[in-house]
Asker: 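The structure that follows is given in the form of structure tokens.
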There are 2 protein chains.
Amino acid sequence: METVGTAVDALPRPGLRERKKQRTRNALVRAALELIATRGYEGTTVDDIAAAADVSQRTFFRYFASKEEVAFFVSRLAEAHVLEAVRERPPGEAPLEVLRRAVLDSWDGINEAVERLVPLELHLRVYRMIESTPALLAAHLRRAAELEKELARLVAEREGLDVDGDPRPRILVAAFGGVIRVAERRWSTGGDVSVAAMRELLTTCLDHVGPALAENWRTNGSPVRRTET
Amino acid sequence: METVGTAVDALPRPGLRERKKQRTRNALVRAALELIATRGYEGTTVDDIAAAADVSQRTFFRYFASKEEVAFFVSRLAEAHVLEAVRERPPGEAPLEVLRRAVLDSWDGINEAVERLVPLELHLRVYRMIESTPALLAAHLRRAAELEKELARLVAEREGLDVDGDPRPRILVAAFGGVIRVAERRWSTGGDVSVAAMRELLTTCLDHVGPALAENWRTNGSPVRRTET
DNA sequence: TGGCAAGTGTCAGTGGCTGTCATTAGCCTC
DNA sequence: GAGGCTAATGACAGCCACTGACACTTGCCA
């Protein structure tokens with residue numbers, strides 16, 4: 001078998017078998033997200049999902065290692081985009097700027113890719129479930145931790161540091177990750193769920209990473225609009 | 001002093017029933033940690049733990065909501081100590097200093113409390129399992145996230161900020177949490193597992209939180225160790 | 001001492017997940 | 001285009017985490 005999960009080069013025609021698999025996978029994802037969004041994670045059994053996609057439960061587990069995994073299908077897509085964007089940043093750029101630009105620049109592409117799979121509004125509903133379901137939240141954080149680990153590795157590599165010897169890359173990435181999570185949370189709980197709103201949130205929050213570590217906040221002017229370090 | 005689990009006034013003496021419960025809970029914890037440390041988390045069934053503690057499986061679940069929970073019994077102890085230490089920091093102290101001092105000052109007390117329950121060496125072995133078992137790692141991160149949420153709340157309160165309106169407390173705490181996790185990881189993988197070594201690690205890592213967010217690391221003299229890959 | 005409630009064991013059942021095996025269905029060769 | 005190969009699937013049995021229900025034991029206290 002040449003390409004396993006994600007499409008790489010579509011030059012050799014997929015073939016019927018491959019297309020069928022893709023269709024089954026998509027059906028499972030869509031069925032799962034729809035069910036989870038409406039009935040909740042715990043309220044949705046794997047049998048439900050399999051039945052909705054018209055396959056056996058056993059087949060579901062041949063496509064996804066766990067019920068969790070299918071819930072994070074969209075998130076995984078986004079992560080892949082961000083990682084790639086980071087890898088393509090020009091050398092010499094400051095670490096925080098690299099992360100910031102990578103996220104902001106890949107944002108539109110991410111949403112496009114997601115929309116091609118499921119309605120963005122559905123993803124939002126699922127995301128709210130993730131945040132409010134302990135088991136999913138835990139998995140989400142573990143995924144985030146893995147992503148941060150890789151980001152720290154990349155940052156350290158760019159800066160010529162040893163990621164295991166110097167704590168600064170990890171700390172920087174941890175702070176960055178905290179910002180992302182704050183933004184995500186606001187997006188999912190806020191009223192405006194548009195893509196533009198999320199971009200706006202991201203930008204605003206990212207602008208605070210630097211100043212947040214400065215001390216004596218109280219002597220600052222406005223809490224949100226602080227300029228320069 | 002003698003109440004280990006739930007810290008309330010122990011003035012009215014425990015009573016036989018209560019003491020029996022305490023003994024059962026401790027037996028379960030000890031059996032669980034011992035088994036998990038030796039056979040791994042997935043390699044240990046709840047029936048094993050219950051049998052080792054000489055109770056039924058059903059009784060295990062009356063003491064712990066899940067198999068996970070018993071694995072984090074010690075961690076929960078530590079978290080409670082840190083939170084209390086933070087609450088007792090004098091007002092006016094800078095946020096980062098509050099967190100730093102809270103951790104370092106409560107460190108000895110934590111280890112004393114842990115040692116009263118299980119050998120510290122056993123806890124270390126369990127901690128290594130937590131870090132290397134995906135399911136446990138996820139739970140660990142979720143717990144850490146909850147702790148950070150509370151810490152951010154406390155920091156915001158101290159500084160007179162709105163934790164939902166101002167991202168800085170969360171970002172600061174996220175960076176701090178990142179440091180703690182780096183230190184934990186080094187402690188559990190390093191050679192020196194002593195309490196003093198962990199304190200040393202914590203101190204060193206915490207000293208880097210501030211500088212880590214400064215840019216152009218390359219022009220800095222390196223705070224830890226300059227390595228070339 | 002007898003009644004009460006807390007603590008426990010047993011049993012049955014649900015749901016996530018896996019191994020096994022027989023069957024179906026693309027694919028490829030001749 | 002028939003037949004063999006193998007990937008994909010379904011059906012079934014089984015393990016384990018976890019839960020509800022009910023009966024039984026036991027500390028507690030009037």
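From a predicted model like this one, the values you see are computed outputs, not experimental measurements. Per chain, numbering begins at 1; letters A, B, ... match sequence-line order.
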Asker: Which atom pairs, one a donor and one an acceptor, fall under 3.5 Å between side chains of residues 109-118 of chain A and the rest of the protein, sequence neighbours left out?
Answerer:
residue : atom : partner : partner atom : Å
A:N111  : ND2  : A:W107  : O            : 2.9

Asker: Considering every strand and a 4.0 Å limit on heavy-atom distances, what is the contact class for A:F60: base, sugar-phosphate, or nothing?
Answerer: nothing
Asker: Please give, in whole Å, the distance from D:dT9 P to A:F64 CZ?
Answerer: 12 Å
Asker: Please figure out whether B:R17 or B:T59 has its closest DNA chain C nucleotide nearer the 5' end.
Answerer: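 Nearer the 5' end of the strand: B:R17.
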Asker: Output yes when B:D164 and B:R153 qualify as a salt bridge under the 4.0 Å nitrogen-oxygen rule, no when they do not.
Answerer: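 No, this pair does not count.
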Asker: Tell me whether the side-chain N/O atoms of A:K21 come closer than 4.0 Å to OP1 or OP2 in D:dA8.
Answerer: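 For D:dA8, OP1/OP2 do have a side-chain N/O of A:K21 under 4.0 Å.
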Asker: What about B:R62, does its side chain sit under 3.5 Å from the base of C:dG9 through a donor-acceptor pair?
Answerer: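 Answer is yes: a donor-acceptor pair is held.
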Asker: Please verify the inter-ring angle class for B:Y127 with B:H123; under 30° counts as parallel, over 60° as perpendicular, anything in between as tilted.
Answerer: perpendicular
Asker: For A:E69 and C:dG16, give me the distance from atom CD to atom P, rounded to whole Å.
Answerer: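 In whole Å, C:dG16 P lies 15 Å from A:E69 CD.
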Asker: Among D:dC16, C:dG9, D:dT19, which nucleotide sits nearest the side chain of B:S56?
Answerer: C:dG9
Asker: Of the nucleotides D:dT26, C:dC17, D:dA17, which one has an atom closest to the side chain of B:K20?
Answerer: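 It is D:dT26.
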Asker: In whole angstrom, give the distance that lies between atom CZ of A:R58 and atom C1' of C:dT24.
Answerer: 17 Å
Asker: Starting at CD1 of A:I36 and ending at C1' of C:dG16, how long is that distance when rounded to a whole Å?
Answerer: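 In whole Å, C:dG16 C1' lies 13 Å from A:I36 CD1.
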Asker: Classify the side-chain pair A:D192/A:S194 by whether it contains a donor and acceptor separated by less than 3.5 Å.
Answerer: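 On atom types as modelled, these side chains qualify, holding a pair under 3.5 Å.
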Asker: Specify the separation, in whole Å, of atom CD of B:E18 and atom P of D:dC28.
Answerer: 9 Å
Asker: Round to a whole Å and report the spacing from CD of B:Q22 to P of C:dT8.
Answerer: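 Interatomic distance, CD of B:Q22 to P of C:dT8: 12 Å.
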Asker: Could you tell me whether B:R76 atom CZ has more than 12 heavy atoms of other residues or ligands within 6.0 Å of it?
Answerer: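 Counting other residues, nucleotides and ligands, CZ of B:R76 stays at 12 neighbours or fewer.
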Asker: Once you round it to whole Å, what is the distance between C1' of D:dC16 and OH of B:Y41?
Answerer: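 Spelled out: OH on B:Y41 to C1' on D:dC16 is 11 Å.
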Asker: Could you give the OH-to-C1' distance, from B:Y63 to C:dT8, as a whole number of Å?
Answerer: 9 Å
